[in-house]
Amino acid sequence: MQQDNQQFFSTELLDWYGHAKRDLPWRRHRDPYFIWVSEIMLQQTRVDTVIPYFHRFIEKFPTIEALAQAPEDEVLKCWEGLGYYSRARNLQAAAKQVTELHGGAIPDDLNAVSALKGVGPYTRGSIMSIAFNRPVPAVDGNVMRVLSRFFLIEEDIVKVSTRKSMEVLAEALIPEGRASDFNQALMELGALVCTPKSPHCLTCPVMQHCQGRIAGMETQLPVKTKAKKPRPEYRLAALIEGSGAEAGRVLVQQRPQAGLLARMWELPHILAAAENPAGGAGLADEPAMDRLTQALAAEGHYAQPQGLYMEAEHTFSHIHWNLRVYRFRQSPELGALAALGAVAESSAEYELAASEKDAPLKTRWINQADMEQLAFPNVFLKILKQYFDGGIPQ
DNA sequence: AATCCGGGGCC
DNA sequence: GGCCCAGGATT
C-alpha cells in the first residue's frame, strides 16, 4: 500500500520534472562549485531573489580558489542586501577549507562535505545529490510541505525530530541512480505547484494519491507552530556631515566581528528604548538629539545636531527597528573644547549601539563612491543613497 | 529545545 | 501594513 504510493509518487514526480523544470543559472552547469554557491544563497531565500546575486557572485569569484583568496570585504559587498551575512563569511571560510584540505575541489564525500562551514543537513544533501548524484536526502521547507501533504503527516515541521523522520522517508523515495533529478523535482514541486497558501492541486502530477488532498486537508498542512513576533527596538541614528577637510562626506562605522550584521557598515546609532515607545517613538526630538550628541562625544565624535532627517524601519527575524535619523554637523571646535575639559564628559549612559561589547569601532568618512565599496544593511543603504542623491526624504 | 541570524513577497 | 516564508550555528 504505502510502498505502492511511494513508487507512484517518485515515478510521476520524476516524469513531471523532466518537462516542468525551470531553466535556472546553476542548472546549466555540472560544476559542484556553482551548485554549492546556489544552495547557500537559496537558504531562506527565494529563487527570484537569488538569480542576480548568483550571476554577480560567480562573475566576481569564478572559482573556489578565487573566492578563497578574495578580501572578505569584497565577498560581503557581493552579498549586500541578501541577508543572513554569516552565510557569506562561512562560504568563504569553507572555500579556504576546500583549497587547503581537498586541493580546491569539493569532495565527493558525505562526511567531508558535512564538515564544511555553513553546510548543515539540507545543504549536505543538496550538494551530494545534485552535484554528485548520491542518494542523500535534501529536506528543506518545500520538501517537508510536499511530504506532509502527500503522506498526510501531521507532525510539527518545526521540530527536529520531524525533519529527521522526513529525511528517512525522502531517502527511501529516491529512485535508483536518480538522486539529482529526484531531489530537485521534490523542491521544484514545492516551489511551483505545492505552494504554501493555495496549492495548485489540479495541475499536480501526484494529486490522485495525495493523502492530504483526499482528506481535504491540503491547506492545513504542514502543521507548523508560529514564530514569535519580532520585539520592537527604538533607535536614534546620526547622519553626521563632515566639515573642513571632511566636507561632503558622512561618518560611518563598522560593526563588530560577531553578532547581528557582523562586520557590516552603518550609521552610528543608539538604543533609545527597547519595547518602550515612551523612550523611543514618544521621545521628543530635543532630548533625542541630546542623547545622541552625548553618545557620539563619548566615542570622540563631536557634532552639533541640526534636526530630524528621516525615519526608517528594519525588520530582522527577531527584532524590529524603529529608526529616527538625525542630521548632525561635524564640529571640530567642540572637539577642541572637549580636549580642554571645557565640555562635560558624557556619562556614557547611552552607548553607541554596536560598541556595547567590543573595542572602539572602526569609523570612516565616506562619499558616494566610498559607499559603493562598503557593505551596508539595506536600511542604512537606503538612507545613504537618499542623502547622496541630494533628495529630501519623503 | 530555544534563540540568534535578513530580507522580500503576498494579500 | 500585517502576515508568511525559509537553514545553520550556537548555547
Side-chain angles (χ1 to χ4, degrees), chain A residues 36-53 76 78-94 113-127 137-148 155-164 166-167 170 183 186-187 190-192 194-199 219-233 255-266 274 311-323 354 356-357 375-382:
Chain A
W36 176 35
V37 171
S38 72
E39 288 300 335
I40 298 295
M41 286 186 169
L42 286 165
Q43 291 170 5
Q44 309 290 94
T45 313
R46 287 173 172 75
V47 165
D48 290 342
T49 305
V50 164
I51 288 174
Y53 281 90
L76 214 48
C78 220
W79 211 270
E80 181 185 69
L82 201 51
Y84 287 108
Y85 299 97
S86 65
R87 293 184 295 174
R89 297 191 303 275
N90 284 336
L91 184 61
Q92 190 184 25
V113 167
S114 266
L116 297 176
K117 286 245 193 188
V119 174
Y122 163 72
T123 309
R124 159 186 71 198
S126 62
I127 293 173
V139 173
D140 69 352
N142 284 313
V143 172
M144 288 199 281
R145 185 171 59 252
V146 170
L147 297 183
S148 296
E155 291 169 67
D156 186 348
I157 64 166
V158 165
K159 296 170 77 172
V160 175
S161 59
T162 305
R163 198 208 71 225
K164 289 187 175 175
M166 295 262 185
E167 284 173 346
N183 281 357
L186 210 41
M187 292 185 274
L192 299 180
C194 197
T195 49
K197 283 182 185 158
S198 44
T219 57
Q220 292 148 57
L221 294 169
V223 174
K224 184 184 180 184
T225 57
K226 282 188 288 192
K228 287 191 302 186
K229 272 197 290 191
R231 64 176 184 273
E233 283 186 0
R255 294 181 61 89
Q257 302 284 313
L260 185 71
L261 301 170
R263 284 178 245 184
M264 303 283 284
W265 291 81
E266 65 180 4
E311 301 192 356
E313 294 183 68
H314 195 62
T315 308
F316 305 90
S317 333
H318 56 311
I319 309 173
H320 180 84
W321 279 358
N322 297 279
L323 213 54
E356 282 149 16
K357 298 163 200 157
F376 292 91
N378 270 347
V379 63
F380 292 112
L381 198 59
K382 279 176 193 159

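Convention: sequence-line order gives letters A, B, ...; per-chain numbering from 1. Because the structure is a prediction, the values reported are computed rather than measured. What's counted below: heavy atoms across the whole structure, side chains too, no hydrogens, waters or symmetry copies.
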Report yes if some heavy atom in the side chain of A:Leu260 is under 4.5 Å from a heavy atom in the side chain of A:Arg255; otherwise report no. yes

Rounded to the Å, how far apart are A:Lys229 NZ and C:dC3 C1'? 10 Å

Protein N or O to nucleotides 9-11 of chain C N or O, pairs below 3.5 Å:
from: C:dA9; atom 1: OP1; to: A:Gly118; atom 2: N; distance (Å): 2.8

Suppose we screen for side-chain hydrogen bond (donor to acceptor under 3.5 Å, both in side chains). Which residues come up paired with A:Arg89, at least two apart in sequence or across chains? none

Rounded off to whole Å, could you give me the CZ-to-P distance for the A:Arg163 and C:dG7 pair? 11 Å

Euclidean distance, atom CD1 of residue A:Ile319 to atom P of B:dT3 [Å, nearest integer]: 14 Å

Under the rule for side-chain hydrogen bond (donor to acceptor under 3.5 Å, both in side chains), what residues qualify as partners of A:Thr315, not counting sequence neighbours? A:His320

Euclidean distance, atom CD1 of residue A:Ile127 to atom P of C:dG8 [Å, nearest integer]: 9 Å

Can you sort out the partners of A:His318 under side-chain hydrogen bond (donor to acceptor under 3.5 Å, both in side chains), two or more places apart, ordered by chain and number? none

For a quick test of reading the model: is some side-chain N or O of A:His318 closer than 4.0 Å to OP1 or OP2 of B:dC4? no

Under the ring pair (Phe, Tyr, Trp, His ring centres under 6.0 Å) test, which residues partner A:Tyr53, sequence neighbours left out? none

Check whether any side-chain heavy atom of A:Arg87 lies under 4.5 Å from a side-chain heavy atom of A:Thr45, and answer yes or no. yes

Please state how far atom CG in A:Asn142 lies from atom P in C:dC4, giving the value in whole angstrom units. 18 Å

Atom-to-atom span, NZ of A:Lys226 to P of C:dC5 - whole angstrom: 11 Å

Under 3.5 Å, which protein N or O atoms sit close to an N or O of nucleotides 7-11 of chain B? Give each pair with its distance.
from: B:dG7; atom 1: OP1; to: A:Tyr85; atom 2: OH; distance (Å): 2.3
from: B:dG7; atom 1: OP2; to: A:His314; atom 2: NE2; distance (Å): 2.3
from: B:dG7; atom 1: O3'; to: A:Gly81; atom 2: O; distance (Å): 3.1
from: B:dG8; atom 1: OP1; to: A:Asn378; atom 2: ND2; distance (Å): 3.4
from: B:dG8; atom 1: OP2; to: A:Asn378; atom 2: ND2; distance (Å): 3.2

Under 4.0 Å, counting only non-hydrogen atoms across every strand here, what does A:Thr123 touch: a base, just sugar-phosphate, or nothing? sugar-phosphate

Send over the distance from A:Arg87 CZ to B:dC4 C1', rounded to a whole Å. 15 Å

Regarding A:Arg124, tell me which of base, sugar-phosphate or nothing describes its non-hydrogen contacts under 4.0 Å with the strands shown. nothing

Among B:dT3, C:dC5, C:dG7, which nucleotide sits nearest the side chain of A:Lys228? B:dT3

Contacts table for residues 137-147 of chain A: side-chain donor-acceptor under 3.5 angstrom, sequence neighbours left out:
from: A:Asp140; atom 1: OD1; to: A:Asn142; atom 2: N; distance (Å): 3.1
from: A:Asp140; atom 1: OD1; to: A:Val143; atom 2: N; distance (Å): 2.9
from: A:Asn142; atom 1: OD1; to: A:Arg145; atom 2: NH2; distance (Å): 2.7
from: A:Arg145; atom 1: NE; to: A:Cys194; atom 2: O; distance (Å): 2.7
from: A:Arg145; atom 1: NH2; to: A:Gly190; atom 2: O; distance (Å): 2.8
from: A:Arg145; atom 1: NH2; to: A:Cys194; atom 2: O; distance (Å): 3.4

For A:Ser198, which residues count as a side-chain contact (heavy atoms from CB on, under 4.5 Å) partner, sequence neighbours excluded? none

5' precedence on DNA chain B between A:Ser161 and A:Leu260 (nearest-nucleotide basis): A:Ser161

Which whole-number value in Å describes the distance from A:Trp36 CH2 to C:dG7 C1'? 16 Å

For A:Ser317, all residues meeting side-chain hydrogen bond (donor to acceptor under 3.5 Å, both in side chains), sequence neighbours excluded: A:Tyr84

